[in-house]
Number of protein chains: 2
Amino acid sequence: MSTEKTRYHHGHLAESLLEAVDEIASQFGIEAVTLRACAKRVGVSPSSAFRHYVDKRALLTAFATRALNQLVDAMEGAKQQVQHHGGNAFHAVGLAYVAFAIAKPAFFRAMWREETIYAQDGDYLAATRKLAQCIQGGFAQTLRDEDPDAFSAQELLAWSSVHGLASLLVDGPLAKGKSRDELLEAASGMIQALDIALDQPV
Amino acid sequence: MSTEKTRYHHGHLAESLLEAVDEIASQFGIEAVTLRACAKRVGVSPSSAFRHYVDKRALLTAFATRALNQLVDAMEGAKQQVQHHGGNAFHAVGLAYVAFAIAKPAFFRAMWREETIYAQDGDYLAATRKLAQCIQGGFAQTLRDEDPDAFSAQELLAWSSVHGLASLLVDGPLAKGKSRDELLEAASGMIQALDIALDQPV
DNA sequence: GAGACGATGTTAACGCCGTTCACATGCAAT
DNA sequence: ATTGCATGTGAACGGCGTTAACATCGTCTC
């Protein structure tokens, strides 16, 4: 380890590059993420990135996976919060989904960019599956042994509405001139309407 | 007018470039859309595009606007179809939304890319507003004189769920290995559940 | 008709991008 | 100590968006 002197071998370049993507995306948006910019921020030559990621798309895939896992963590945190202090778990989890998108729009965009990531990557797929299970978690009626990719109409409605609201707030016209709290309140209202709806028989 | 000989002045370059974006996006995805590729397809030098669009982002904004209007047309067509032949108008309009996204994923992506278009452009904003009204159209209870940007919790739920399903099918893991008809059937089921939900009191 | 002028298209160049390849460096096993 | 391998470097490639100086042409005026 020794000091932080400039060493020829960086040591943790793969993760440091991910961190650079994080910072640049947070500051300037996902479109501004450039291999050269990431390398410069880490203090390394541009070509060194290719020792750890086969191309830019692979780096963005790793970042998307990271972001997905962060989202899952946020949702599970919200669920535990509610389990300890009481409240509607489904509402809390859904709100956490939207809140994450509002707080980290660039991350949310990066997660769902089929054209700029390798969407069939194993780790990425596993992360999306974990997210799906996290959302399905509120549904006792789901048959657990069936195909994990199968969704009931109500599960589909739950994920779609929360995901759609997040998307419309991040990339759509809904957020125009509204504060974070106003957006969260609108989201809370929608999730409440959804919650009522999901109690209805099909 | 005369013949279709190679003339120095193209004549309809602005629209022809839009058409080129359409074709390239359809064939190779929105990420493959390049000013130089569009210019080459039209048979014109790359820099000529800048006589009609201040930059690439402006061209993509015009394309997004066009795509939005196409979506609105599809939805209104579906509505009229139902009005003449009977059926659930809300269901038909929602399904048209999802069907458009499945049929033209690149267009759907282009519509909602805040970072690559000028989302505050007048024409683009007008198109999004028309789309919003098209979706709100099914809701008699909406107070028409109020802020057109205001959405009730139920309207929010309606747009979000349909938009979210479309997004998840286009950029998410839901569509994995499913045929177009299977996807449309799943969408139909979700919209049905949504329709029931929207009849419930808040 | 002649000439001026503005709109539209061209050519050449700039810097930045992702990517590759030959090469340099240093760690670890022998 | 030597070898071998993983990791980082530097220079170069073609493609990108964009600009500026220049070419062409339709149209408006006399």
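Lettering follows sequence order; numbering is per chain, from 1. All values reported here derive from a predicted model rather than from experimental measurement.
Counting to the nearest Å, the C1' atom of D/dC13 and the CZ atom of A/Phe50 are 13 Å from each other. Taking atom NZ of residue A/Lys40 and atom P of nucleotide C/dG18, one finds them 12 Å apart after rounding to whole Å. Note: CZ (B/Arg51) to P (D/dA23) measures 14 Å, nearest angstrom. The distance from atom CG of A/Leu60 to atom C1' of C/dT19 is 15 Å, rounded to the nearest whole Å. The interatomic distance linking B/Glu31 (CD) with C/dC17 (P) rounds to 17 Å, in whole Å. One atom, CG of A/Leu17, and another, P of C/dG18, lie 12 Å apart when rounded to the nearest Å. Here the P atom of nucleotide C/dC27 and the NE2 atom of A/His12 are 13 Å apart, to the nearest Å. One can place CG of B/Leu13 at 8 Å from C1' of C/dG9, the figure rounded to the nearest angstrom.
Using a 4.5 Å heavy-atom threshold, the side chains of B/His163 and B/Phe108 count as touching. For the pair A/Lys40/A/Thr34, no side-chain contact is recorded, criterion being any heavy-atom separation below 4.5 Å from C-beta on.
The only option from B/Leu60, B/Leu59, B/Asp55 that meets the side-chain contact (heavy atoms from CB on, under 4.5 Å) definition with B/Arg57 turns out to be B/Asp55.
The side chain of A/Val44 has D/dG8 as its nearest neighbour among D/dG8, C/dG9, D/dT18.
Put simply, A/His52 has a side-chain N or O that comes within less than 4.0 Å of OP1 or OP2 on D/dG8. An OP1 or OP2 oxygen of C/dG9 is reached within less than 4.0 angstrom by no side-chain nitrogen or oxygen of B/Ser48.
One N or O on the side chain of A/Tyr124 and one on the backbone of A/Met111 form a donor-acceptor pair closer than 3.5 Å. Looking at A/Lys56, its side chain does come within 3.5 Å of a backbone N or O of A/Val33 through a donor-acceptor pair.
Residue B/Arg36 places a side-chain atom within donor-acceptor reach of the base of D/dG17, judged by atom type and a 3.5 Å distance cut-off alone.
Heavy atoms of B/Thr34 sit under 4.0 angstrom from primed sugar atoms or phosphate atoms, though from no base atom.
Nearer the 5' end of DNA chain C, as judged by each residue's closest nucleotide, is the contact made by B/Pro46, out of A/Pro46 and B/Pro46.
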